[in-house]
Amino acid sequence: MDAPGDCEGPRLPGGDGPPGGTRETSRQLSREQLFVLISAASINLGSMMCYSILGPFFPKEAEKKGASNTVTGMIFGCYALFDLLASLVFGKYLVHIGAKFMFVAGMFVSGGVTVLFGVLDQVPGGPVFTAMCFLVRIADAVSFAAAITASFSILAKAFPNSVATVLGSLEIFSGLGLVLGPPLGGFLYQSFGYEVPFIFLGCIVLLMVPLNMYILPNYDSDPGEHSFWKLITLPKIALIAFVINSLSSCFGFLDPTLSLFVLEKFNLPAGYVGLVFLGLALSYAISSPLFGLLSDKIPHLRKWFLVSGNIITAGCYMLLGPIPVLHIQSQLWLLVLILVLNGVSAGMSIIPTFPEILSCAYENGFEEGLSTLGLVSGLFSAMWSVGAFIGPTLGGFLYEKIGFEWAAAVQGLWALTSGLAMGLFYLWEHAQRRRSKLQNILGTEEEQTALLPDEI
């Protein structure tokens with residue numbers, strides 16, 4: 001992969017294994033790379049389906065058990081909080097634990113706790129129900145953090161020169177999981193009750209475990225010397241982390257709020273509410289591979305994707321309600337159209353972040369190998385989780401206090417702020433590079449002048 005921006009950077013990780021350049025010169029995938037793609041696709045699809053089935057019906061089910069909108073938002077949000085903590089730990093100790101073991105164990109636990117979530121309707125309402133929801137959700141978060149951190153690292157190791165393209169392509173399966181989860185969950189809930197959606201999907205994830213134990217390759221590496229602290233204190237990476245926070249918060253905001261808004265505003269049944277999420281997930285899944293390919297082929301476009309994607313996302317959230325000051329009547333077709341546009345803008349912003357962080361890390365002295373890939377994967381997952389915790393928690397609270405329209409507008413301001421901050425940094429970085437280049441040219445001319453003999 002080329003280095004980002006206008007300057008030349010070091011080659012991205014070949015690391016401790018076979019050099020990526022020789023492995024990717026052929027258009028045909030090796031057997032090992034194909035198995036890695038299958039494994040990563042399985043965790044993306046399974047985890048996103050299990051995550052997204054809650055949206056259409058769980059808020060109403062929790063309400064029956066005596067949980068407020070704020071508590072429901074916290075149940076959604078605690079997943080991200082513990083995903084954050086677990087991602088940092090697993091990213092740091094990926095080499096010690098082993099990427100394959102972390103991946104398979106995470107998938108196994110995730111499938112098991114998804115099945116357990118399906119029996120929570122048998123628990124008495126009130127504090128007992130709330131506490132059990134938190135416990136099961138936390139266990140799911142930790143297992144997901146293990147699997148996805150290992151998955152990112154293995155992918156970057158197997159495809160060192162096309163990270164964005166591969167990650168973007170695999171977002172098809174994440175999007176497919178988000179697409180299938182809500183309508184499938186809503187249909188199974190309406191047809192068979194609360195238990196069946198979770199038990200069905202949990203069993204599917206568990207069936208994927210033996211397959212991945214067999215096909216996923218092992219990657220060995222030595223522990224690195226660098227830490228998360230050194231990585232996150234790099235100014236560019238800190239700002240990219242802020243962008244990741246804002247985008248994940250925007251996604252998370254919709255979990256506890258959008259289904260309630262659609263039910264109240266348009267009186268749709270639970271099965272149809274899941275279809276509203278379809279526009280967002282489908283457009284994100286379709287656009288992500290394109291932005292990934294462009295990010296790898298034309299690296300200097302990444303900065304434009306990051307900035308413009310955030311600004312477009314901010315506009316989408318202003319129109320999602322829409323915000324009352326615009327005096328636009330809320331209509332179902334408009335809501336779906338805005339969600340489709342939001343899916344495209346999210347793909348535009350999210351996909352370039354991972355290769356941007358990775359390139360910046362190598363430019364600042366991080367060693368090429370699985371250890372650094374673990375740090376970057378863990379950091380990406382952790383920063384995503386920060387926003388995914390704040391989004392549902394703050395969203396549920398603001399929904400109760402000021403309504404969906406204004407709550408969505410407040411959420412949009414976060415995306416706008418992060419986009420503008422990233423844009424200002426890129427302008428400053430460009431100015432610094434031009435100044436440095438000019439100083440080098442002037443210094444070279446002065447040296448040449450000094451070396452010329454005096455003419456009389």
Lys303 and Glu356 ion-paired at < 4.0 Å: no
Find out whether [X] and [Y] are in side-chain contact, i.e. whether some heavy atom of one side chain is under 4.5 Å from a heavy atom of the other.
| X | Y | value |
| --- | --- | --- |
| Leu155 | Leu170 | yes |
| Leu319 | Leu334 | no |
| Phe103 | Phe108 | no |
| Met213 | Val104 | yes |
| Thr114 | Val205 | no |
| Asn342 | Ser345 | yes |
| Ile199 | Val196 | no |
| Leu94 | Leu375 | no |

Contact list for residues 201-211, test side-chain hydrogen bond (donor to acceptor under 3.5 Å, both in side chains), sequence neighbours left out: none
Which donor-acceptor pairs under 3.5 Å do side chains of residues 126-133 form with protein atoms, sequence neighbours excluded?
unit_1	atom_1	unit_2	atom_2	d
Thr130	OG1	Gly126	O	3.2

Phe35 atom CZ: more than 12 heavy-atom contacts under 6.0 Å: yes
Which atom pairs, one a donor and one an acceptor, fall under 3.5 Å between side chains of residues 139-147 and the rest of the protein, sequence neighbours left out?
unit_1	atom_1	unit_2	atom_2	d
Asp140	OD1	Ser110	OG	3.0
Ser143	OG	Ser110	N	3.4
Ser143	OG	Ala139	O	3.2
Ser143	OG	Asp140	O	2.8

Can you name the residues that form a ring-ring contact (aromatic ring centres under 6.0 Å, His included) with [X], not counting sequence neighbours?
| X | result |
| --- | --- |
| Phe261 | Phe404 |
| Trp406 | none |
| Phe305 | Phe291 |
| Tyr317 | none |

For [X] and [Y], work out which heavy atoms get closest and say how close.
| X | Y | answer |
| --- | --- | --- |
| Glu195 | Gly118 | CG-O, 3.0 Å |
| Gly412 | Ala314 | O-CB, 3.2 Å |
| Ile237 | Ala361 | CD1-N, 4.3 Å |
| Ser287 | Gly343 | OG-O, 3.8 Å |
| Gln33 | Ala158 | NE2-O, 3.1 Å |
| Val71 | Phe134 | O-CZ, 4.5 Å |

Can you tell me how far [atom2] of [Y] sits from [atom1] of [X], rounded to the nearest 0.5 angstrom?
| X | Y | atom1 | atom2 | answer |
| --- | --- | --- | --- | --- |
| Tyr284 | Ile172 | OH | CD1 | 11.0 Å |
| Asp296 | Leu294 | CG | CG | 9.5 Å |
| Lys236 | Met422 | NZ | CE | 6.5 Å |
| Arg137 | Leu116 | CZ | CG | 14.0 Å |
| Asn44 | Ser151 | CG | OG | 5.5 Å |
| Leu339 | Ser283 | CG | OG | 8.0 Å |

Give a yes or no answer on whether the side chain of [X] reaches the backbone of [Y] with a donor-acceptor pair at less than 3.5 Å.
| X | Y | value |
| --- | --- | --- |
| Ser288 | Gly168 | no |
| Asn245 | Ala241 | yes |
| Arg302 | Pro352 | no |
| Thr353 | Ile350 | yes |

Report the residues that fulfil side chain to side chain donor-acceptor pair (under 3.5 Å) with [X], sequence neighbours left out, ordered by chain and then residue number.
| X | result |
| --- | --- |
| Ser246 | Asn310, Ser418 |
| Thr257 | none |
| Ser87 | Asp83 |
| Ser42 | Asn212 |

Parallel, tilted or perpendicular: rings of Phe380 and Phe354 (30°, 60°): perpendicular
Aromatic ring pairing Trp428/Phe425, orientation class (parallel under 30°, perpendicular over 60°, tilted between): tilted
Verdict with supporting geometry, Thr313 and Met348, side-chain contact (heavy atoms from CB on, under 4.5 Å): CA-CA 10 Å; Thr313 298; Met348 186 186 300; over 6 Å; no
Pair Leu216-Ile154, side-chain contact (heavy atoms from CB on, under 4.5 Å): steps then yes or no: CA-CA 9 Å; Leu216 194 64; Ile154 292 169; 4.0 Å; yes
Which residues share a side-chain contact (heavy atoms from CB on, under 4.5 Å) with Leu293, sequence neighbours left out: Thr165, Lys297
From Phe117, Phe192, Tyr189, residue fulfilling ring-ring contact (aromatic ring centres under 6.0 Å, His included) relative to Phe198: Phe117
Working for side-chain contact (heavy atoms from CB on, under 4.5 Å), residues Phe200 and Leu184: CA-CA 10 Å; Phe200 177 74; Leu184 179 62; 4.0 Å; yes
Phe253/Ile390 under side-chain contact (heavy atoms from CB on, under 4.5 Å): CA gap, chis, key distance, verdict: CA-CA 8 Å; Phe253 166 82; Ile390 296 174; over 6 Å; no
